Amino acid sequence: MKPEYRFRDIEAKWQKKWEEAGTFASREVEGAPRYYCLEMFPYPSGRIHMGHVRNYSIGDVIARFKKMKGFNVLHPIGWDALGLPAENAAIKHGVHPHQWTMENIDYMRSQLKKMGFSYDWSREISTCDPGYYRWNQWIFLQLYKRGLAYRKKSWVNWCPQCQTVLANEQVISGCCWRCDAQAEQKEMEQWFLKITAYAEELLSGHEKLVKWPEHVLIMQKNWIGKSEGTTVSFPVVDREEVIDVFTTRVDTIYGATFLALAPDHPLTLKLLERSPQKDRLVKWVKDQIAQRSLHREEPEERKEGIDTGQRAVNPYNGEEIPIWIVNYVLMDYGTGAIMAVPAHDARDFEFARQYNLEIREVIVPSGFAEREESELETAFEEYGVLVNSGPFSGLESRRAIEEMTKLAEEKGFGHRSILYRLRDWGISRQRYWGTPIPIVYCQRCGVVGVPEEELPVVLPSDVEFKGLEGSPLEKVASFTNTTCPQCGGPARRETDTMDTFFDSSWYYFRYCSPHESSQPFNPQLGAYWMPVDLYIGGVEHAILHLIYARFFCKVLRDLGLTKEDEPFPHLLAQGMVTKDGAAMSKSRGNVVDPDEMIQKYGADTLRLFILFAAPPEKEFAWNEKGIEGCFRFLNRLWTYFIDHLDIFEEKTASSTSTAPSSDSGRRLKTKVHQTIKKVTEDIEQRYHLNTAISAIMELFNLLKKEGETLKKNPEGRALLRETMESILLLLNPFAPHLGEELWAMTGHRAMLAETPWPKFDPQWAEEEKVTIVVQVNGKLRDKLEMAKDSEDRLVREEALKLPKIQKYLQGQTPKKVIYIPNKLVNIVL
RNA sequence: GCCGGGGUGGCGGAAUUGGUAGACGCAAAGGACUUAAAAUCCUUUGGAAGCCGCGCUUCCGUGUGGGUUCGAGUCCCACCCUCGGCACCA
């Protein structure tokens, strides 16, 4: 009776062996190059999903491959364990967030172990551990000391029914996601991190990220949104005040027919004071503010505005133009005020038409002298030549921008300026399950940071979760009532917790010394492991997480903890896992559970399939039949080995040194070395794991074919043994359990995981003979077998001699014969 | 609207620098084994036409239409479809 492929037993057996032997524990050893392979750590939502399986399978192939290549590999895992779902579970099911999270972590850890991932479990971290979030607090205090963390009033979404702040994602078409009440805008004190201080460096740092996918860099670039332009001051007529506007198109300023302020601009109410219709207009402004950001979900919002009756002076030509308050100008970008140039801005154009305001053309396309006085159908937003612009008429836009800005600087009514779309990062959350912000409010001393030696500020565990009112922490008197660290007087503790993106912004440093207790991480160990050599994760984090993490790395650098400017020089953005044309989701009911697949086919099959069916960066469409194909492949492999175990019992001489005497042997040996080359390059350079796997399949197919004759003599049997060993070595990163089992069954003592990656012999990896394609007028007509690197003239002659080619020539002399060495001959008639 | 990715057999995909389109796998069809089925193994498989005929020949074929080139899935221009990101950012 032949042993079956009992994958459940095999997988459990080797997982245990790896754990007992500490095979994947990373060490900081001299003499070997280091490699830090990191996958985005999961949120412990309950169970792992196929996206995790894919992400972590890709990482595991790289980690195991690098280990076999002789690197000291750091391949850690942990838990992004703080966050809203835990608190919602508490509200819904009455489980404490801590308990809920811990149970999820325990289950998901067991799932990851069942997948056989080569993690160094001794470095496992969890962000809800006070030993971790204490360093969130420490970092926050350093930021606070440097003015990079500050408090500011800002507008937030507020549900009047639930008495709590809502995140943007929790406002569904203007209403609270939980109680459906109309959400309001409320101004609250919030903590912010000054990421804008690093805007320029976050942008220029992209130049170092040559190994990031282009589209991720573009998304970040757009998010940071740098624009260069001019700030111009418009004095208000008969008043002290001056209105600053920012524009990238100062060349259009002679076409500015009004100024437009955001409803929440600080000058708005002042300007309305003298208006006869003051009450009505002020009410309009307040309504606009209250509704603001609710229509961010509805882009087709109608433009509205009111005339303040006040006027401002265009400093370039002294013209007085009206000042309007409009709903399409945003207070939190630029100065909150714009010069409106209807002829050359689509939004101003739309607004001016609606309110019958003047549309004055000052730019014409270059090549047109001056346009006929005709109705403009749309705003002309491109660069062109200035007209009706006083001394600047006739200049080209770009030139005009330069000169006009220069003039403003000379006369003192304006200057060059750079603006970023990037906003400071609001990190306050009125939630329990997050890191407490380490701040105390003292009646005498004001805002006081908790002293470092008192950290961590630990989350109280005795808290009620009713989900009805604001932060649960506000109701815990033992937490909020405290004493001022400066004066010892009575004080109130900050009850806001941190956005969980804070936690994930530096966790990759923590892995370098996860048990460090006197600082966030040990700088020497950080210097040893950082930067991360390969960071793998979903593209959905292209902006938020990856910008925050880059920001934190720079902050930690400025704090002297690291020398790295960029934490992740190489990013692999993996594609989504879909089924039936849509992302897997519970609501769609198209979720495939990894547990079921492990149970049915085993972890090796699941890993192999999820890597085989598509390259990592592309979308992966789940298909039940596909996984069966991979299962069959592993079964065929297993059976073949079992049937040929006797080959490994013989003590035949190794065939590595000599060339096989048969054609079969030469074909197989060539294929072995070609496959080693291809698999190595596919993993190392292209990360195209799907083609690496298919190359291994091809080799196995040829082994089966050629093996029939080869196994009849000792020389052939030695080659078969060598081939089979190569297959196990090459397959190890993909299907490590099966590999280890067969490796042991074929008499190897050392673990496969600890065995060096095979090397290819370039002589064998190259064909001795090449097939040369023969084309006539670019069409394939015949093929020619030639020795590699045959002489030019010889190949051309042979090609022309071919009977099929003769037929096409019909005695003509070719106009031209093109020869691409070892590839093709093209005969042009 | 702006920015970006993608469109290749019945399906997932391969073709790495402009040089044999369809590797590998799935599905399908036929055959072997079997009392039978499953499993397994073998063969065939882009489309069309032809041929004294079981293998070869010819033509067509990588979203559409043009272009560059001896040669284009790959480069250029225009368009269509699709997926993602941003969305009053001055």
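Owing to the predicted nature of the structure, the values given are computational and were not obtained by experimental measurement.
- Taking the P atoms as reference points, B:rU35 lies 36 Å from B:rG46, given to the whole Å.
- Nearest to the side-chain atoms of A:His215 among the listed nucleotides B:rG4, B:rG85, B:rA90 stands B:rG4.
- The aromatic ring centres of A:Tyr420 and A:Tyr333 sit 6.0 Å or more apart.
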Spell out protein contact along nucleotides 12-17 of chain B as letters: B when the base is contacted, S when just the sugar-phosphate is, - when no protein heavy atom is under 4.0 Å; keep the 5' to 3' order.
BSSSB-
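- Exactly one of A:Thr691, A:Leu637, A:Val679, A:Leu608 qualifies for a side chain to side chain contact (heavy atoms under 4.5 Å, CB included) with A:Ile696. That residue is A:Val679.
- Rounded to an integer number of Å, the gap from NE2 of A:His541 to P of B:rG85 is 13 Å.
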Determine, stepwise, if the pair A:Glu681 / A:Lys677 fulfils salt bridge (Lys or Arg N to Asp or Glu O under 4.0 Å).
CA-CA 6 Å; A:Glu681 288 173 358; A:Lys677 181 170 192 271; 3.7 Å; yes
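- Atom CD in A:Glu350 sits roughly 17 Å away from atom P in B:rA90 (whole-Å rounding).
- Base orientation of B:rG9: syn, since the glycosidic angle falls within 90° of 0.
- Annotation: A:Glu624, atom CD; neighbour count of heavy atoms from other residues, nucleotides and ligands within 6.0 Å is above 12.
- Each of B:rC42, B:rG4, B:rU20 was ranked by its minimum atom distance to the side chain of A:Lys704; first place goes to B:rC42.
- The 12-atom threshold is not exceeded at CZ of A:Arg6, counting heavy atoms of other residues, nucleotides or ligands nearer than 6.0 Å.
- A donor-acceptor contact under 3.5 Å is formed by the side chain of A:Lys303 with the base of B:rC88.
- In the set B:rA90, B:rC42, B:rG25, the nucleotide with an atom closest to the side chain of A:Met697 is B:rG25.
- Look at NZ on A:Lys625: it is 14 Å from C1' on B:rA39, rounded to the nearest Å.
- When each of B:rG4, B:rA90, B:rC41 is scored by its nearest atom to the side-chain atoms of A:Arg636, the top-ranked nucleotide is B:rC41.
- Across the protein-nucleic acid pair, A:Glu382 atom CD and B:rC2 atom P stand 11 Å apart, rounded to whole Å.
- Of the candidates B:rC88, B:rG19, B:rA90, B:rG19 carries the atom nearest the A:Leu824 side chain, counting heavy atoms from C-beta on.
- Taking atom C1' in both B:rG18 and B:rA72, the straight-line distance is 7 Å, to the nearest Å.
- Residue A:Lys783 is in base contact, counting any heavy-atom pair closer than 4.0 Å across all strands shown.
- Spacing between atom CD1 of A:Ile610 and atom P of B:rC26 amounts to 18 Å, rounded to whole angstrom units.
- Residue-environment remark: CZ (A:Arg796) exceeds the threshold of 12 foreign heavy atoms within 6.0 Å.
- For an aromatic pair to be called close, the ring centres must be under 6.0 Å apart, and A:Tyr640 with A:Phe700 satisfies this.
- Looking at the side chain of A:Arg632, the nearest of the listed nucleotides B:rC3, B:rA23, B:rU40 is B:rU40.
- Across all strands, A:Gly629 comes closer than 4.0 Å only to sugar-phosphate atoms, never to a base (heavy-atom distances).
- B:rU62 and B:rC81 have their C1' atoms separated by 16 Å, with the value rounded to a whole Å.
- As judged by a 4.0 angstrom heavy-atom cut-off over every strand, A:Thr335 is placed among residues making no nucleic acid contact.
- The phosphate of B:rC59 has OP1 or OP2 within less than 4.0 Å of a side-chain N or O from A:Arg781.
- Other residues, nucleotides and ligands contribute over 12 non-hydrogen atoms within 6.0 Å of the NZ atom of A:Lys226.
- A ring-centre distance under 6.0 Å is found for A:Phe413 and A:Tyr316.
- Once rounded to the nearest 0.5 Å, the distance linking CD1 of A:Ile253 with CG of A:Asp251 reads 9.5 Å.
- Within 4.0 Å (heavy atoms only), A:Val245 reaches no atom of the nucleic acid at all.
- Pair check for B:rG46 finds B:rC60; Watson-Crick or G-U wobble, both atom distances under 3.5 Å.
- In this entry the distance linking NZ of A:Lys823 with C1' of B:rG18 reads 10 Å, nearest Å.
- Rounded to an integer number of Å, the gap from A:Trp622 CH2 to B:rC11 C1' is 16 Å.
- Between A:Leu217 atom CG and B:rC3 atom P there is a gap of 18 Å when expressed in whole angstrom units.
- Separation of the A:Trp425 and A:Tyr548 ring centroids falls under the 6.0 Å cut-off.
- Residue contacts shown for A:Asn701 are limited to sugar-phosphate atoms, with no base heavy atom under 4.0 Å away.
- Look at the C1' atom in both B:rG19 and B:rU74: the space between them is 11 Å, to the nearest Å.
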Grab the N/O contacts between the protein and nucleotides 67-72 of chain B below 3.5 Å, and write none if there aren't any.
from   : atom 1 : to       : atom 2 : distance (Å)
B:rC70 : O2'    : A:Asn826 : ND2    : 3.3
B:rC70 : O2     : A:Asn826 : ND2    : 2.4

